[in-house]
There are 2 protein chains.
Amino acid sequence: MSEQVAAVTIREVAAAAGVSIGTASKALNGRGKLREETRARVAAVAEELGFRPNAMARGLLSGRTYTVGLVSCDSFGRFSIPVMLGVEDALGAGQISVFMCDTRDDPIREQHYVERLLARRVEGIIVTGRRTEPRPSIGTDLPVPVVYAMTRSTSDSDFSVIPDDLGGGALVARHLLATGRSRIGHVTGPRRFEAARRRAEGMSSALAQAGLRSAGEPLFGEWSEEWGRQGADILLRAHPEVDAIFCGSDQIARGVCETLRDRGRRVPDDVALVGFDNWEPMATGCRPPLTTVDMSLGEIGRVAAEHLLGAIGGAPRPSGVLTVPCGLVLRESSRANPT
Amino acid sequence: MSEQVAAVTIREVAAAAGVSIGTASKALNGRGKLREETRARVAAVAEELGFRPNAMARGLLSGRTYTVGLVSCDSFGRFSIPVMLGVEDALGAGQISVFMCDTRDDPIREQHYVERLLARRVEGIIVTGRRTEPRPSIGTDLPVPVVYAMTRSTSDSDFSVIPDDLGGGALVARHLLATGRSRIGHVTGPRRFEAARRRAEGMSSALAQAGLRSAGEPLFGEWSEEWGRQGADILLRAHPEVDAIFCGSDQIARGVCETLRDRGRRVPDDVALVGFDNWEPMATGCRPPLTTVDMSLGEIGRVAAEHLLGAIGGAPRPSGVLTVPCGLVLRESSRANPT
DNA sequence: ATGAAAGCGCTAACAT
DNA sequence: ATGTTAGCGCTTTCAT
C-alpha cells in the first residue's frame, strides 16, 4: 500500500545495491561484463524498489521514442475502431506505444494535433477515417512517414490503405449467382460516396461477366434503415420479379428486410438479401441473420501499421493506394434456394 | 517538399540565428530580457527551419510528461469510445496527450501495458470498460493516480465513475407514468449484469412511489434483439394488458418492437416503448424512432478526466464511486397517448 | 569486473 | 541583453 511519491531512478538503485550507476545500467540491460552475483543483486534491488527505466531519458539518448500517432477523423467511430485494434496488434508487440487524437473533423484541430505529435517525436503517423474519398494530406513534407487507413490522401506521394469496395460488390454478385439468383436489385447509400459507387460498379461488372444485368439501376439514397425501407418499396414496385437484393450497408439491408416482410416476401426463400459492413449487432439482429460483406478493417489497420513500421525501419516510404480484399460472411438471409 | 531527415534542434536554430543556445531558448519561450529584434529573429529562424522543441528533453527537465494512459477493456467498443472522446475533451485542451492501449480482456496484457505506461512516466491512468461490475484493481500502490470510467474497481481506495442505472430506470418509469401509462412491463439483459438489475430496480422503486407495480416481474434474458422478440412474446402472453414496455437496451427494444408489430400492437398508440443506451443507429432506425436513456458516456469520460487532472495537480486522490445521471432522449415510440 | 565521464535536447540559474 | 554552465535519467565509451 506504500504510495511512491516519485519514480525510482537508476541512481537510487545503484546506491542501494552499492554499485556505480554505469554498473547498474549494465546489470539491468544484460550488457558488459559483470559478475553473476552483481547482476542478481542489482536486479533484486531494482525489483524491490519498483524501478522502471525512464523511457524519456532513454529516448533522448537513443534518438528514438517508440511511439506513433494515430489521428482519427471518425470520432473513433464504427470504422476507426477495428482499424485501431489492427494497428495496435501490429505495433503493440513491437513495444511501440500509440498516441491517440481525434480531429472531430476540424482541420485546425487536426493541424494542432499533428504539431503536437511531431513535438513528441512520434516516429510515424497513421490517419484513419470513415470514407474512401481523397482528403487533403496532413502534410507532404513531414519529418516522419504517414499512412492513411480507411481514408485516402489527395496527394500521390502519400500512402493509403482502403477496402476493395469494387471487389466486395463483385463478391456478392458472384455469390448470389452461384446460389441460383439472377434478378438482382441494388439499394445503396448516397451517390456522392465513392464506396457506394464502387460497390454498385463491382456488382454490375460481375453480373455483366455472367451475361446478366441488374434489376434496374442501382438505387442511391441514404445510409439509413429508413431509406432501406423506401428503397425496397421502390424496387419492388418497379421490379417485382427480383429474387435478390444487395444492399450498400447493413443498416439499409435491415430496412429492406422489413419492407420485404411487410410485402409478404420471404427472406431468403423468395428474395435473398445481402448487406455490407458486417456490423455484427445489425447483421445478427436481423431476422433472418444477414449475409454481409466484411471489409477486413482489422487487416487494413494491420497492413497500414506494417507499412508504417517498414518506413520507420528505413524502407522507402510507400506511396499510392493499397486495397485490402473484402470477405463474405454467410448467414441465413442468402441461403441457396432449394428450388 | 523538402523531407527533413532529422528533427531540428534548438542548437541549430541558435546557430542559424547567431545567438547562444540559452538566448534562443529564452526567445522561443518568452522568458528573460531580450531585445525585441532578437526574439523576432530567432522566432523567424525557428519557423523557417521547422523547429519543434523536443517534448522528451523538456519532460526530462521538468519532471513532467503531460501524458496519461488510457487502458480500455472494451476493445475500444461501443461504450469506451464516447468515454474516450470525453476524456480527450477534458485533457486535450490542457496539452495532455493520451497513450491508448486495449487489453482484449487479458489480465497479462493489461499488466504489461500498465508497466509500459509507467515506464513512459504517464502522470495518470484512466481505465475504461463496458460493465459496472467491480473488476480487480490495476494496482493500488501505483505511483500515479488512476480513475476507472464506465467500470469499477473492487478496491475501495480506487475511484470509479459510472452511469446512474438506478436513476435511469426511475427516469423511464416517471416518464411513462407522466405520459399516461400504468401497466408497464420490463424486458432486459442477463440478471448477472448489475446494470440490468439496477435499471429494473430503479423502475420498480419509481413505480412503487406512485403506488403501482410493474406488469409482472422483470424478464431477464440476453442483450440481443432475438431475446427482445422472445421476451415480448412472453410478456404479451402473461400480461396482454401492458400499455408500455421498458427495455434494458436499445437492441432488446428493437426486438420487442418487432414482436409488437407482428402481434398487431401499435407503437406508441397501444404500447409505449423505451430503450436504454441511446445507440443512435439502433434507436433512430427503429420504426417508430425509439425513446431511450442516454448514459452520458461523454460526460463520464470528462468527469473521470477532470478528477484525474485534479489528482495530478495535487488534489487528494479521490476514492469511491461517482455516478453520473442519465438523460432521457424523447422520440416517437413513447409519445403520449391522446386518449 | 567495476567506475568515471560524456552527452542526448532542453531550461534555468548564474555570469558577464 | 546575451552567454555560459549545470543537470534532468539514462547508456555507452573509456579508464582503471
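Residue numbers start from 1 in every chain, and the chains themselves are labelled A, B, ... in the order their sequence lines are given, proteins ahead of strands.
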Beyond-backbone contact of Thr65(A) with Met56(B), side-chain heavy atoms, under 4.5 angstrom: yes
Contact letters for nucleotides 7-16 of chain D, in which S counts primed atoms plus P, OP1 and OP2 and B counts the base, heavy atoms under 4.0 Å: BBBBBBB---
Phe99(A) and Phe99(B) aromatic ring geometry - parallel, tilted or perpendicular at 30°/60° bounds: parallel
Lys/Arg-Asp/Glu bridge criterion (N-O < 4.0 Å) met for Arg152(B), Glu133(B): no
Results of side chain to side chain contact (heavy atoms under 4.5 Å, CB included) for Ser153(B) - residues two or more places apart only: Ser137(B), Tyr148(B), Ser155(B), Asp158(B), Ser160(B)
Main-chain N/O of Leu85(A) paired to Arg104(B) side chain as donor or acceptor, under 3.5 Å: yes
d(CZ, Arg120(A); P, dG9(C)) in whole Å: 18 Å
